[in-house]
Amino acid sequence: MGRVCACTVRFCDRKGVEHSAEVRAASVYEAACRAWAVFKSDQGTEEESYKAREFVVEVHQDPKVFHVELEKLLGWLERGRRGHRDTPRKQWLRRLLDTDIWGPPTAEEEARAARGRFTC
């Protein structure tokens with residue numbers, strides 16, 4: 001999603017209760033990472049979010065729905081280079097997942113993410 005779009009990200013917990021978060025993101029994976037950070041920061045959804053199989057991402061601009069399997073998202077984030085040779089996009093998305101530790105993305109990271117190739 002090259003441009004930032006409003007999205008609803010949701011998952012069902014083990015009891016079948018649906019939880020959702022509203023985020024703005026430039027890609028489906030970014031939306032999943034931003035929402036997961038929200039879910040992890042809420043005591044009511046923190047533990048259940050780790051047990052979710054997938055997040056469902058609904059893009060409001062062009063009504064589209066994407067299913068992001070957490071195992072695939074985490075695998076994609078782990079694949080490839082690490083350290084200074086890592087892709088800025090993956091570094092930024094990992095940082096989104098750890099917002100409670102690292103804080104929100106910097107303006108430079110936001111600008112890099114906005115230049116993404118995925119469209120709404």
Checklist entry - Would the Phe55 and Phe66 ring centres measure less than 6.0 Å apart? => result no
Next on the checklist: Taking the side chain as everything from C-beta on, heavy atoms only, tell me whether Glu58 gets closer than 4.5 Å to Lys64.
Outcome noted: no
Checklist entry - Roughly how far, to the nearest 0.5 Å, is NZ of Lys51 from SG of Cys12? => result 16.0 Å
Checklist entry - Do Val65 and His67 come close enough that some side-chain heavy atom pair is under 4.5 Å? => result yes
Checklist entry - Closest heavy-atom contact between Thr8 and His60? => result OG1-NE2, 2.7 Å
Next on the checklist: In this structure, would Val56 and Val17 fall into the same cluster of hydrophobic residues linked by side-chain contacts under 4.5 Å?
Outcome noted: no
Checklist entry - So do the side chains of Leu73 and Cys33 get within less than 4.5 Å of each other, counting heavy atoms only? => result yes
Checklist entry - With a 4.5 Å heavy-atom cut-off, do His19 and Arg10 have their side chains touching? => result no
Checklist entry - Would you call Trp36 and Phe11 a side-chain contact if the rule is heavy atoms closer than 4.5 Å? => result no
Checklist entry - Does CD belonging to Glu18 count more than 12 external heavy atoms closer than 6.0 Å? => result yes
Next on the checklist: Which residues pass the ring-ring contact (aromatic ring centres under 6.0 Å, His included) test with Tyr29, not counting sequence neighbours?
Outcome noted: Trp76
Checklist entry - Under a 4.5 Å cut-off applied to non-hydrogen side-chain atoms, are Phe39 and Glu48 in contact? => result no
Checklist outcome for this item: For Leu70 and Ala52, the nearest pair of non-hydrogen atoms, with its separation, is CD1-O, 3.1 Å
Next on the checklist: Let me confirm one number: the CZ-SG distance from Arg24 to Cys5, rounded to the nearest 0.5 Å.
Outcome noted: 7.5 Å
Checklist entry - Given side chains that start at C-beta, do those of Val9 and Val23 come closer than 4.5 Å, heavy atoms only? => result yes
Checklist entry - Is the number of heavy atoms from other residues, nucleotides or ligands within 6.0 Å of CD (Glu22) greater than 12? => result yes
